[in-house]
Amino acid sequence: MRESINCDIKIKHLTRVEGHGNIHICIKNGQVEKASWDVVETPRFFEAILVGKHWENAPVLCGRICGICSISHTLASIRAIEQAFGMVPSLQTERLRLLLKHMETLQSHILHLYFLVAPDFLGADSVFDLIEPHGDEVQRAARLKLLANDGGDLIGGRRLHPTRTVVGGFTMLPDRAKLATLGQRLRAALPDLNKTVDLFGSFSIPDFSRETEFVSLKSEGNYPFIGGQLISSDGVLKEEEEYLAMSNEYMVDHSTSKWSKLSRPSFAVGALARVNNNFSALHPEAQGIADRLGLQPVNHNPFMNNIAQLVECVHVVQDSIFLIDELLGNDWQETRQVVTPTAGFGTGAVEVPRGLLYHCYQFDEDGRITKADCVIPTSQNNANIHYDIIALAQKLAAQCKDDHEIRLLAEMLVRAYDPCISCSVH
Amino acid sequence: MLFKVFPGNELETLYDILAGHHLVGPQLRGTDLNGQELFAFDYIHSFTELRLDFTSTVHSLKSFILPPRETLSSFTLTNGDWEKHVDLGIYKPHVFFGLHPCDINGLNKLDKVLTGPVYPDPFYTGKRKNMFIIGVNCSPQPWCFCKSMGTDTVLSGFDMFLTDLGDRYFVEIQSAIAYDILTELPIVDPTEADHRRFVELMDERNSKFTCQVDNSDLTKILDLEFQSPVWQEWGKKCMSCGSCASVCPTCYCYGVKEFVDLDLTNATKQRQLYSCNLIDFAMVAGGHNFRPDSASRLKYRYYHKHRGFQEAYEEALCVGCGRCGQACLAGITVPDVIDSVRRQEVPK
Amino acid sequence: MNRLDFVDVLPTQQFSTRKSDLTSFEYSYKAEITSVYSLTETEKLYQIRIIDSDQRRQFTFKPGQFVMLELPGIGEGPFSISSSPTRHGDLELCIRAVGNLTKFLGRVPRGTLVGISGPFGTSFPVEDMENSDLLLIAGGLGVVPLRAPLFSVLENRSRYKQIDIIYGARNPSELLFTYQYQMWRQFDINLEIIVDQPDAAWQGPVGLITEILGERIEAAGNDLSTNTYAIVCGPPVMFHFVCDMLINAGLPMQRIFVSLERRMHCGRGKCCRCNIGATYTCLNGPVFDYWSVLNMKEAI
Amino acid sequence: MEKTRTYLGVEIKRPRTAFFELSSCEGCQLQILNKEASLFAFLDLLDIVNFREAMSNGSNDYEIAFVEGSVTRADEEERLLKIRKQAKTLVALGSCACFGGVNQLKNRFNDLEWVKKEVYGDFPIETQKVRPLSDFVTVDLSIYGCPIKKEEVEEIVTNLVLGKSIDHPRYPVCMECTANGNICLFKLGEPCLGPVTRAGCDAWCPNNRVGCWGCRGPADEANFDQLQEIMDSHNIPRQAMLDRLECFGGFSSAIKNMSE
Ligand SMILES: Cc1cc2nc3c(=O)[nH]c(=O)nc-3n(C[C@H](O)[C@H](O)[C@H](O)COP(=O)(O)OP(=O)(O)OC[C@H]3O[C@@H](n4cnc5c(N)ncnc54)[C@H](O)[C@@H]3O)c2cc1C
Ligand code: SF4
Ligand code: SF4
Ligand code: SF4
C-alpha cells in the first residue's frame with residue numbers, strides 16, 4: 001500500500017450510460033483537489049420547442065425526450081394536459097397506463113442491471129463480452145427484456161415512442177387473448193427474476209454511504225407511479241402542482257443539465273428513493289426480496305439503487321399480473337374521452353425508472369402551449385451524484401486505493417444512478 | 001341450377017354446419033364520421049358477428065386469396081449448395097359466407113389470369129380450389145356501378161347464392177356439396193309466390209342503381225384519347241399511393257423481394273402486391289422509367305383495366321364495386337375518370 | 001365436422017416443364033456456373049449448365065427467348081439466352097452489372113449454383129427469314145439477345161442471303177464479344193462496328209448506328225421492300241430512329257423484329273410489371289414485330 | 001476468433017462497426033438492442049467495436065459507422081467529420097440524423113437567443129441551428145424513422161453485409177396501410193400524413209389507429225397540393241397539418257414551398 005496517493009482521472013463520455021457525461025477526480029498527496037460530475041450533453045430545448053404547439057403535439061414530442069423512458073414522458077405529458085383540461089381518466093385507462101408503465105420499468109431496469117451494470121461486477125467491458133462466458137445470464141436478460149418489450153408493444157402499440165397512448169385514453173385496446181398471454185408469460189418469468197436476484201445477491205455491493213434526502217411520490221396505499229403528492233425523507237410534503245418547490249432547479253457552470261436541491265445541497269430520486277420512502281407499499285414478494293438483499297429503509301448507499309431496481313422489477317411483475325387479472329375481469333369500456341381544451345396549466349408527476357419526472361404546461365384557450373417545463377429525474381440527481389463522487393473520492397483517497405480502482409468505483413457509482421443524460425438535457 | 005327456399009331462421013343452422021371450417025364473412029369494423037357503418041371481410045367466430053346486410057366492405061376479399069405479402073419459396077443454404085422449398089400455404093378449405101355478386105365476379109376475373117391457361121399460379125389456384133362460396137344479394141350503394149360493368153349479377157363461381165325474401169331465403173344451388181349441406185335444412189321448392197317475390201325484389205334492386213359508366217366503344221376511346229390533357233389533370237390529383245389497387249378486388253400486380261435471414265443460412269422470396277400507380281412500377285435497370293409521371297401511371301391503370309384486358313378477355317378488369325373511388329383520398333373515381341375522357345373535361 | 005374436402009393442387013409430381021402445369025410456377029432447374037469471363041468492366045459472360053442430365057436434355061429454346069435466373073436470397077431477373085439453340089441446357093448469358101442481382105452475380109465464383117427457369121417468351125422467326133437478306137442491328141447490350149439468332153443463322157449459313165451486322169457502342173472498351181468478330185466474318189458476314197466516343201487506338205467509323213445503316217440502305221438502292229428482314233436490339237431510344245429509317249426504306253413493319261425490355265418479376269404473365277396495356281412482354285414478347293410495337297402505347 | 005462465412009461462394013466478412021450518437025434521445029440505439037429474439041444473430045453479423053451506450057473501451061478502427069442524432073453544437077460537427085474520415089460507410093440512423101428530427105423544431109424560431117433564454121434564462125449555453133448529418137458530410141445510407149424499426153434495420157444490415165443493394169420504398173405509407181387492411185383514418189376524422197410519407201415502417205402508426213406524423217420524410221413523389229386539399233375537405237386545420245409536417249424535419253423544404 002502506498003503512503004498517500006496522487007491521481008488525475010478524467011473520464012470523457014462515460015460509457016454504458018445513456019447520454020454524455022464526464023467524471024473528473026484529481027487527488028494530490030492524498031487530498032482530493034477536485035472531484036466532479038459534469039454533464040456535457042447537447043441541449044435540445046424541448047421546453048422552447050413546445051411553445052406555440054397545440055396540446056396534441058406535446059405527448060408526441062415529449063416522448064422523444066428520451067428513448068429509454070419514452071413511455072413515461074408520454075404519460076407525464078398526457079397527465080399534465082389532462083390535469084390542465086380537468087379530465088379524469090377512467091379506471092380502465094388508469095390500469096392500462098400503469099401496466100404500460102410497468103412494462104417500461106421492467107425493460108429499463110433489466111437493461112440497466114444486465115447490460116450496463118453487470119459487466120462491472122463480472123469484469124467485462126460490455127454485455128457483448130458476456131455472451132460467451134455468461135450465456136445463460138445474457139439469454140435470461142434478453143428473455144425478460146423481450147417480455148417487457150412485448151408488453152409495451154401490446155399496450156402502447158410500440159415499445160418506444162408509443163403510439164396508442166393519447167390524451168383521453170387509448171386509440172386502440174389490446175387484444176384480450178394476447179393480454180391473457182402476457183399475464184401467463186409474466187407468471188412464467190418469475191423464475192428468471194429469482195435467478196436475477198440470486199445473481200445480484202452474489203455481487204458484493206461496494207460499501208459506501210452518504211446521508212441523503214430522498215424525494216418521490218407519496219404512496220396512498222399503492223406503490224406510487226403516476227400522479228399524487230410529493231414527499232421527501234426529510235419530511236417535506238407538497239402537492240403535485242407545487243413541484244417547483246420540490247425540484248428547485250438551478251444552473252451550475254460545469255453542466256448543461258440543471259441541478260436541484262431541497263432541504264440539503266442535493267437530493268436523490270429514483271428506485272432507491274421510492275423504496276426508501278414507500279417500502280410498506282411494495283408487493284410483499286418485493287419486500288421479501290429487499291430483505292434478502294439487505295435493503296432496508298432508509299438506505300443511504302447509492303450503489304444500492306441497483307438492488308432497489310431489482311426489488312421494483314419484482315414489484316412491477318407482481319402488480320402487472322394483478323392488473324391484467326383486473327382488466328380481464330371486466331369488459332372493455334369506452335376507449336377514449338373527447339378532449340375539450342381550456343386555458344390554464346397542468347402538472348404531471350410520474351415516477352419513471354430513474355426517478356420523479358414532472359411535465360408542466362400552460363395553455364391558452366385554444367389549447368396552445370404558452371409555457372412548458374419538464375423536470376427530469378437525472379437533473380435532480382446530478383447534484384447528488386456530484387457530491388457522492390466527492391465523498392467517494394475522499395473515502396478512496398483515505399484508503400489509498402489505486403487509480404484503476406478509483407476509476408472503476410467512480411464509474412460504477414454514476415452507473416448505479418442509471419443516469420439518463422440526454423433526458424436531463426432535453 | 002337448382003332453386004330452393006328455406007326459412008329465414010334456419011340461416012343460423014347453415015352457419016352452424018359450416019362453422020367448423022375457417023369461415024370468412026362480412027363484419028362490422030366501425031363507423032365513419034357520418035355515422036355510416038364500415039365493413040370488412042374477416043374470420044367469423046360467432047353467428048352474431050356475421051353481417052349479411054352489409055353495404056360493401058372497404059377492402060375486397062383479396063387478402064384471403066392473393067395476400068398482400070406471400071412467401072413464394074424459401075431456401076436453405078449449406079456449404080455452397082442450396083435447397084428450394086415451396087409451400088403453397090393452404091391447409092384447410094375456407095368458407096366465404098356472404099359475398100356480393102361483384103366480389104364473386106372479381107374472383108372469376110382473377111381466375112382468367114391466375115388459373116390458366118399458361119403458367120397457372122398455384123398459390124392462388126390452391127386457395128381458389130379450396131373456397132366454398134355463399135353469395136348473397138346486395139343493395140346498391142351510391143358508388144356502385146357494377147350494373148354498367150355487367151357484374152351486378154353472377155352466373156358462376158359460387159356454391160350457393162342467397163336472396164333474402166323477407167322471412168325466407170331463396171337459394172340458388174350450384175354445387176353438389178352445397179346441395180348436400182342444404183339437405184340438412186328444411187328446404188322446399190320455391191312456390192309461384194316465391195318466384196314473384198324474387199322478381200319483384202330484383203326489379204326493386206335494379207331501380208336503386210344510381211351510378212353509371214358509359215362503356216360503349218371505350219377501348220377505342222381510350223386509345224384515341226391517349227394524349228388527352230384530362231390525364232394530366234387527374235395526374236395532378238393522384239398521390240401515387242396505390243390505395244386504389246390495394247382495395248381493388250381485381251388488381252393483381254406484384255413485385256418480388258428476396259430476403260436473407262440474419263444467420264445467412266436461410267432465404268425467402270416474397271411477393272408483395274404492387275400498384276401500377278406507384279412511382280417505380282415501370283422502372284427498369286439503369287433507372288429508365290417508362291411511366292415517370294403520375295398522369296401516365298394513372299392512365300395506364302385505366303388502359304390496362306378497360307382496354308387491354310377487354311382486348312384479351314372481352315371483358316373489363318373491373319367489377320364496378322367502386323371501392324377504389326371510395327378509398328382514393330383524392331376522390332378519383334372510375335365513373336368520373338371515364339366520363340372525363342369521353343367529355344374531355346375533368347369535374348372540379 | 002369437416003364437410004369440405006381439401007383439394008391439393010400440387011399432388012406428388014415434383015417437377016414439370018409443361019407450360020400449363022401448376023407445378024411449373026415456382027420450380028426451377030438447378031444449374032451451375034461453369035465459367036465466367038469478363039468481357040468488359042461491367043459485362044461478364046457466364047456459362048451455365050443445368051445439373052440434372054435429363055433436365056438438360058429436355059431444355060430447348062428458340063433464339064430470342066430468355067430465362068429467369070435466380071440467386072437465392074439475392075434476386076431473380078430475366079436474361080436473354082445468348083448461345084446457340086442447338087446447345088441444350090448449356091447456356092451462355094451475358095450480364096451487365098447494373099443493380100442488386102447483377103452486381104452480386106459479378107462477385108460469385110465459378111461453381112456457384114443458380115436457379116434457372118424458362119425458357120420464356122417469343123423468339124425471332126429465323127426459319128421464316130430463310131432465303132432473305134438479314135439486317136442485324138444492335139446497340140450496346142442489344143448484341144446479347146442478337147447472338148442466339150445469329151448462331152442459328154450461322155449454323156445454316158447457306159439458307160440465308162446477304163447478312164449484315166451493324167453494331168454500335170458508346171466507346172471501344174464497351175464492345176462485347178470482340179473475340180468472335182473474326183469468326184463471324186469468316187461466315188461471309190458484313191460486320192460494321194461504330195463507336196460514339198473513340199479512343200486513341202480506334203480505327204473504325206465514329207458516330208451513331210444510323211450512319212452506317214444509312215450507308216447500307218443506300219447501297220441497297222434505298223429499297224428494302226423485298227426480301228429483307230431486320231432484327232433490332234438496343235436501348236429504347238435507338239428503336240425509333242433505326243426503325244423509322246428501315247420503314248422509310250420500304251421494309252414492311254412485319255419484317256422488323258425488336259426485343260423489348262421491361263421490369264419482370266415472374267416471366268410468367270402474372271406480376272404485370274412488364275405489361276404494355278394487357279400485352280405481356282414476357283408472354284407475348286420480348287420479341288415483337290414492329291407493327292405490334294406501334295400498336296402498343298408507350299412500348300418504346 | 002473470426003469465422004469466415006460465405007454466401008453463394010462469396011466471402012462475407014463481419015464489418016467492424018461503430019455506433020455514435022449526437023443530439024438525440026438515443027432511442028434508435030436502444031432499438032438496436034431490442035428485438036431480443038434475433039439480437040444475437042444480429043450481433044453475429046457485425047463486429048461491434050464501439051457502442052458507448054453499451055460498452056467500455058471502444059475502438060476507433062471501424063468500417064461502418066452508424067450515427068444517431070442531429071448536429072446542434074460545434075463539437076458535434078467536429079466529431080462527425082472525424083467519424084466520416086474513418087468510416088467507409090456512414091449510416092444516418094433515425095430521423096434526427098436524416099432530417100434533424102424533433103430537435104429541429106427549435107429552428108422554427110428565428111431567434112435562437114429567445115430559445116436559449118426560454119430554457120436556460122441568462123445562463124450562457126452553446127447551441128446552433130439543428131441540422132442533419134447530410135448538411136456536413138456525405139451520408140452513404142439513411143435509415144429512416146422515429147424510432148427506427150428493428151425489422152427494417154435487420155434487413156438493411158443483412159443487405160449491407162452481403163453487399164446487396166439497399167432500396168427504400170419510394171411509395172407512400174398508404175400503400176402499406178391499405179395492404180394491412182386498415183380503415184383509412186381520414187374516414188374516422190383523423191389527419192394522417194400517410195399519403196406523402198415514405199413507406200417502409202409497415203404503416204406503424206395507422207396500424208395503431210394513429211395518423212402518420214411523417215417521421216420517415218417524404219416519399220419519392222409527394223403530392224402536397226393534393227394533401228392540402230384532402231386536409232381541407234376533411235376540415236382539418238392547416239396548423240394541424242403543418243404541425244405534423246414540421247415535426248421530424250423531413251418535410252422542411254416542402255413546407256417552404258407550401259408557404260410560398
Ligand atoms: C427479356 C429481357 C432480357 C434481358 N436480357 C438481359 C441480358 O441478356 N443481359 C443483361 O445484362 N440484362 C438483360 N436484361 C435486363 C436485366 O433483366 C436487368 O438488368 C436485371 O434484371 C437487373 O436486375 P438487378 O437486380 O441487378 O437490378 P436492380 O437492383 O433491379 O436495379 C436495376 C435498376 O432498377 C432500379 N431499381 C432497383 N430497385 C428498385 C426499387 N426497389 N425501386 C425502384 N427502382 C429500383 C434502379 O434504378 C436500378 O438502376 C433483360 C431484360 C429483359 C426484360
Ligand atoms: S388514384 Fe387515388 S388511390 Fe389510386 S394511386 Fe392515385 S391517389 Fe392513390
Ligand atoms: S390511414 Fe393514412 S396511411 Fe392509411 S390509407 Fe389513410 S391516409 Fe393512407
Ligand atoms: S406511420 Fe408515419 S410517423 Fe408512424 S412510423 Fe410510419 S412514417 Fe413514422
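First the proteins, then the strands, lettered A, B, ... as listed; each starts at 1.
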*Asks:* Between Asp129(A), Leu50(A), Ile131(A), which has the largest tally of heavy atom pairs under 4.5 Å with chain D?
*Replies:*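 Between Asp129(A), Leu50(A), Ile131(A), the count favours Ile131(A).
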
*Asks:* Please check if the side chain of Arg158(A) supplies one atom and the backbone of Pro147(D) the other of a donor-acceptor pair under 3.5 Å.
*Replies:* no

*Asks:* If I compare all heavy atoms of His54(A) with all of Asp243(D), which pair ends up nearest, and what's the gap?
*Replies:*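 Of all heavy-atom pairs spanning His54(A) and Asp243(D), the closest is CB-OD2, 3.9 Å.
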
*Asks:* Does any backbone or side-chain atom of Glu249(A) lie under 4.5 Å from a heavy atom of chain D? Answer side chain, backbone, both or neither.
*Replies:* neither

*Asks:* Side chain, backbone, both or neither: which part of Val166(A) has an atom under 4.5 Å from a heavy atom of chain D?
*Replies:* neither

*Asks:* What I'd like to find out is whether the side chain of Phe45(A) reaches to under 4.5 Å of the side chain of Thr72(D), using heavy atoms alone.
*Replies:*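 They are not in side-chain contact.
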
*Asks:* How long is the straight-line distance from CG of Leu43(D) back to CZ of Phe128(A), given to the nearest 0.5 Å?
*Replies:* 5.5 Å

*Asks:* With a 4.5 Å cut-off on side-chain heavy atoms, are Arg108(D) and Lys53(A) touching?
*Replies:*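 Contact flag for Lys53(A)/Arg108(D) side chains = yes.
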
*Asks:* Is there a side-chain contact between Val127(A) and Leu33(D) (heavy atoms, below 4.5 Å)?
*Replies:*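 In short, these two side chains do not touch, never coming nearer than 4.5 Å.
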
*Asks:* Out of Arg143(A), His20(A), His13(A), Glu47(A), which one racks up the most heavy-atom pairs below 4.5 Å with chain D?
*Replies:* His20(A)

*Asks:* To the nearest 0.5 Å, what is the distance between CD on Glu246(D) and CG on Asn57(A)?
*Replies:*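 Spacing of CD (Glu246(D)) from CG (Asn57(A)) equals 8.0 Å.
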
*Asks:* Give, for atom CZ of Arg64(A) and atom OG of Ser95(D), the distance between the pair rounded to the nearest 0.5 Å.
*Replies:*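 Going from the CZ atom of Arg64(A) to the OG atom of Ser95(D) covers 8.5 Å.
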
*Asks:* Once you round to the nearest 0.5 Å, how far does OG1 of Thr163(A) lie from CH2 of Trp213(D)?
*Replies:* 12.5 Å

*Asks:* Between Val51(A) and Phe109(D), what is the shortest heavy-atom contact and its length?
*Replies:*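 Shortest heavy-atom separation between Val51(A) and Phe109(D) comes out as O-CZ, 3.6 Å.
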
*Asks:* Using a cut-off of under 4.5 Å for heavy-atom pairs, which of Arg244(D), Gln104(D), Arg79(D) has the most such pairs with chain A?
*Replies:*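 Top count of heavy-atom pairs under 4.5 Å with chain A: Arg79(D).
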
*Asks:* Is Pro43(A) close to chain D through its backbone or its side chain, or both, or neither, when contacts mean heavy atoms under 4.5 Å?
*Replies:* both

*Asks:* Please classify the contact of Leu116(A) with chain D as side chain, backbone, both or neither, using a heavy-atom distance under 4.5 Å.
*Replies:* side chain

*Asks:* Is chain A contacted by the side chain of Asn207(D), its backbone, both, or neither, given a heavy-atom distance below 4.5 Å?
*Replies:*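 The backbone, not the side chain.
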
*Asks:* Would you check if the side chain of Thr171(A) reaches a backbone N or O of Asn208(D) as a donor-acceptor pair within less than 3.5 Å?
*Replies:* yes

*Asks:* Of the backbone (N, CA, C, O) and the side chain (C-beta and beyond), which part of Asn149(A) lies under 4.5 Å from a heavy atom of chain D, both, or neither?
*Replies:* side chain

*Asks:* What part of Gln29(D) gets closer than 4.5 Å to chain A, counting heavy atoms only: side chain, backbone, both or neither?
*Replies:* neither

*Asks:* Go through Lys106(D), Lys35(D), Gln31(D), Arg73(D) and name the one with the most non-hydrogen pairs under 4.5 angstrom from chain A.
*Replies:* Arg73(D)

*Asks:* Below 4.5 Å from any heavy atom of chain D, which atoms of Arg159(A) appear? Answer side chain, backbone, both or neither.
*Replies:* side chain

*Asks:* Given heavy-atom pairs under 4.5 angstrom as the criterion, report whether the side chain, backbone, both or neither of Phe115(A) touches chain D.
*Replies:* both

*Asks:* Whether the Asn34(D) and Lys145(A) side chains hold a donor-acceptor pair (N or O, under 3.5 Å, no angle test) is what I'd like checked.
*Replies:*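 A donor-acceptor contact under 3.5 Å links the two side chains.
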
*Asks:* To the nearest 0.5 Å, how far apart are CZ in Arg44(A) and CG in Leu105(D)?
*Replies:* 12.0 Å

*Asks:* Looking at side-chain heavy atoms only, is the closest gap between Val102(D) and Ile49(A) below 4.5 Å?
*Replies:* no

*Asks:* Can you list the residues of residues 15-28 of chain D that sit under 4.5 Å from chain A, counting heavy atoms only?
*Replies:* Glu21(D), Ser23(D), Ser24(D), Cys25(D), Glu26(D), Gly27(D)

*Asks:* Is a side-chain donor or acceptor of Arg209(D) paired with a backbone partner of Phe170(A) at a separation under 3.5 angstrom?
*Replies:*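 No, because the side chain of Arg209(D) does not come within donor-acceptor range (under 3.5 Å) of the backbone of Phe170(A).
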
*Asks:* Tell me, side chain or backbone of Leu14(A) under 4.5 Å from chain D's heavy atoms, or both, or neither?
*Replies:*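 Only the backbone of Leu14(A) comes within 4.5 Å of chain D.
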
